Undergrad: 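Pasting in a structure now, in structure tokens, and then I'll have a few things to ask.
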Amino acid sequence: MSDEVMVVIEIQNETITTSSKIAISVAKQLSKEKNIRLTAILMGEKADTHAKEVFAFGIEHAYLVKHPELNNYRTLPYTKAVTEVINQKSPTVVIFGGSSTGNDLAPRVAARLKKGLTTHVLEASWNGDKLAVKKAWYQDKLMATFEYTQEPPFLMATSPLAAAAPEPQEGLEGTTEELQVELNENDLVEEIVGFHLHKKEVDISNAKLIVSAGRGAGSPDGLKKVFELAEILGGEVGASRAIVDAGWISYDHEVGQTGATVAPDVYIACGISGAIQHIAGMKKSKNIIVINTDPEAPFWDYAHYGIVGDMHKIIPILIKKFKKD
Ligand SMILES: Cc1cc2nc3c(=O)[nH]c(=O)nc-3n(C[C@H](O)[C@H](O)[C@H](O)COP(=O)(O)OP(=O)(O)OC[C@H]3O[C@@H](n4cnc5c(N)ncnc54)[C@H](O)[C@@H]3O)c2cc1C
């Protein structure tokens, strides 16, 4: 076994994904606490280029698997490559990002290694030589702590809420090591025939201010004022799943368990009841303002400020007020 914390890096559209950066943040903290090496696996023919990028985030050593069949993610060849690197290098900890790719790959790798895996990890810490991780259970009603009882490698996939993505630092350098992985026809059963890039209407995940609407908007027409308020305040529009499912607004706006996870400075929830699945996606917002006719709506449990009343009357008043200022 080599004493290292290894991060499996995911590349999308030629850049390191935010979920991989979050995984690096968690890995960095674990490697620092134990003073052990921070490493990464990079796949595909451009692995060299991306190695330079990960060094700027504090990775000290990068394993490069520059196989052309690994240029784009496919479950089986990636599973083989990552499993082989882990088998060759025997790291203490392996961390995957909590994206759909990471959550697809990590269980496969864990199964091949016959190791346990924790996903959606919010916190990780050492307890001597044991590793303990925390994750939320039962729609965030319970924080559960797990300790790995098997021998390393300890495998985990991080939650998007585990940490902030690290800022790149100038002057940091690392070393690379090229590793060979044999891929055979059993690993290459899927063929990528083309890509169709879905251009998002809006990316609310990094918005600093979100005005979000729910069924209380009444109709697609009722959303017009919500868009106007968001524009005046320089923010984006969020939505509950109810109105996405109703076809009033596109999925790109959805906040929650099956939508985007957001943590803006200000989240204004208009006509949204505050179902736990919605709250799961926005509860890290710094200031939560609720506008709801029902003083008993669950959202009030999370509100810092709010107005009990009709959003169709309140939003025009806010628009008037902020237009003036
Ligand atoms: C597996 C699963 C995953 C889910 N994932 C998500 C998710 O990711 N995101 C999500 O949002 N939901 C999700 N849901 C759905 C969730 O459970 C709720 O059904 C949904 O969030 C309700 O949307 P809503 O608050 O807009 O509607 P409602 O529950 O109908 O609430 C409308 C609210 O508007 C208020 N209101 C009505 N009129 C006005 C008015 N004129 N002015 C002000 N307030 C008014 C009402 O008092 C009420 O509180 C999921 C459900 C399941 C089962």
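Predicted, not measured: the structure shown is a model, and the values here were computed from it. We're numbering straight along the sequence, starting at 1. Every number for a ligand or one of its atoms is a count from 1 in the order of the listing. FYI, side chains are in, hydrogens and waters are out, and symmetry mates aren't considered; it's all heavy atoms of this structure.
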Undergrad: Return a yes/no value: protein heavy atom under 4.0 Å from atom 19 (O) of ligand 1?
TA: no

Undergrad: Return the closest protein heavy atom for atom 41 (N) of ligand 1 as residue, atom name and distance.
TA: Asp310 OD1, 2.9 Å

Undergrad: Can you figure out which of Gln277, Arg215, Arg241 has its heavy atom closest to atom 16 (C) of ligand 1?
TA: Gln277

Undergrad: Output the distance between atom CG (Leu38) and atom NZ (Lys28), rounded to the nearest 0.5 Å.
TA: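 NZ of Lys28 is found 8.0 Å from CG of Leu38.
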
Undergrad: I'd like to check which ligand 1 atoms, numbered from 1 as shown, lie under 4.0 Å from a non-hydrogen atom of Gly309.
TA: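 Under 4.0 Å from Gly309, ligand 1 has these atoms: 42 (N), 43 (C).
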
Undergrad: Would you compute the distance between atom CD of Glu69 and atom CG of Leu188 and round it to the nearest 0.5 angstrom?
TA: 4.5 Å

Undergrad: Tell me, which protein residue and heavy-atom name are nearest atom 5 (N) of ligand 1, and how many Å apart are they?
TA: Thr258 OG1, 2.9 Å

Undergrad: Cut-off 3.5 Å, side chains only: do Asp104 and Tyr78 have a donor facing an acceptor?
TA: no

Undergrad: Before signing off on this row, confirm whether Val255 and ligand 1 have an N or O atom pair separated by under 3.5 Å.
TA: yes

Undergrad: Under a 4.0 angstrom heavy-atom cut-off, which atoms of ligand 1 come close to His312?
TA: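 Near His312, the atoms of ligand 1 are 41 (N).
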
Undergrad: Report, in ascending order of atom number, the atoms of ligand 1 lying under 4.0 Å from any heavy atom of Ser240.
TA: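 Those atoms are 11 (O), 23 (O), 24 (P), 26 (O).
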
Undergrad: Could you tell me the residue and atom name of the protein heavy atom closest to atom 1 (C) of ligand 1, and the distance to it rounded to 0.1 Å?
TA: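 Result for atom 1 (C) of ligand 1: Gln257 NE2, 4.1 Å.
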
Undergrad: Does Ala275 reach ligand 1 with a nitrogen or oxygen that is under 3.5 Å from one of the ligand's nitrogen or oxygen atoms?
TA: no

Undergrad: So, Asp221 versus Ser219: side-chain donor-acceptor pair below 3.5 Å or not?
TA: no

Undergrad: Please confirm whether Gly271 comes within less than 3.5 Å of ligand 1 when only nitrogen or oxygen atoms on both sides are compared.
TA: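 Looking only at distances, the answer is yes, because the N/O contact criterion of under 3.5 Å is met.
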
Undergrad: Report, in ascending order of atom number, the atoms of ligand 1 lying under 4.0 Å from any heavy atom of Gly259.
TA: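 In order of numbering, the contacting atoms are 8 (O).
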
Undergrad: In a check of side-chain contact (heavy atoms from CB on, under 4.5 Å) between Phe96 and each of Val82, Val121, Thr119, which one passes?
TA: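 Of the listed residues Val82, Val121, Thr119, the side-chain contact (heavy atoms from CB on, under 4.5 Å) partner of Phe96 is Val82.
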
Undergrad: Which ligand 1 atoms does Gly214 reach within 4.0 Å, using its non-hydrogen atoms?
TA: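 So the atoms of ligand 1 that pass are 26 (O).
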
Undergrad: If hydrogens are left out, which of Asp294, Thr293, Ile276 has an atom nearest to atom 45 (C) of ligand 1, that is, the closest non-hydrogen atom?
TA: Thr293

Undergrad: Tell me which protein heavy atom sits closest to atom 46 (C) of ligand 1, plus the residue, atom name and distance to 0.1 Å.
TA: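 Residue, atom and distance for the closest contact: Asn292 OD1, 3.5 Å.
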
Undergrad: Does the separation of the ring centres of Tyr251 and His253 fall below 6.0 angstrom?
TA: no

Undergrad: In Å, rounded to the nearest 0.5 Å, how long is the span from OG1 of Thr17 to CD1 of Ile22?
TA: 8.5 Å

Undergrad: Any donor-acceptor pair under 3.5 Å linking the side-chain atoms of Ser20 with those of Glu10?
TA: no

Undergrad: Between His278 and Phe299, what is the ring plane arrangement, given parallel below 30°, perpendicular above 60°, and tilted in between?
TA: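 Plane angle over 60°, so perpendicular.
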
Undergrad: Keeping Tyr63 on the side-chain end and Ala40 on the backbone end, is there a donor-acceptor pair under 3.5 Å?
TA: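 Between the backbone of Ala40 and the side chain of Tyr63 there is no qualifying donor-acceptor contact (under 3.5 Å).
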
Undergrad: Closest by any non-hydrogen atom to atom 38 (N) of ligand 1: pick that one out of Gly216, Gly238, Gly281.
TA: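 Answer by nearest heavy atom: Gly216.
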
Undergrad: Please work out, at 4.0 Å between heavy atoms, whether the side chain, the backbone, both, or neither of Ser273 comes within that distance of ligand 1.
TA: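 Both backbone and side chain.
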
Undergrad: Numbering the atoms of ligand 1 from 1, which are under 4.0 Å from a heavy atom of Glu254?
TA: 7 (C), 8 (O), 9 (N)

Undergrad: Identify, for atom 42 (N) of ligand 1, the protein heavy atom at the shortest distance, and state residue, atom and that distance.
TA: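 Atom 42 (N) of ligand 1 sits closest to the protein heavy atom Met311 N, 2.9 Å.
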
Undergrad: Scan side-chain atoms only and decide if Ser25 and Gln29 contain a donor-acceptor pair under the 3.5 Å cut-off.
TA: no

Undergrad: Does Asn184, at its CG atom, have more than 12 non-hydrogen atoms belonging to other residues, nucleotides or ligands within less than 6.0 Å?
TA: yes

Undergrad: Does Ile243 reach ligand 1, in the sense of a heavy atom lying below 4.0 Å from it?
TA: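 Contact check Ile243 vs ligand 1: negative.
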
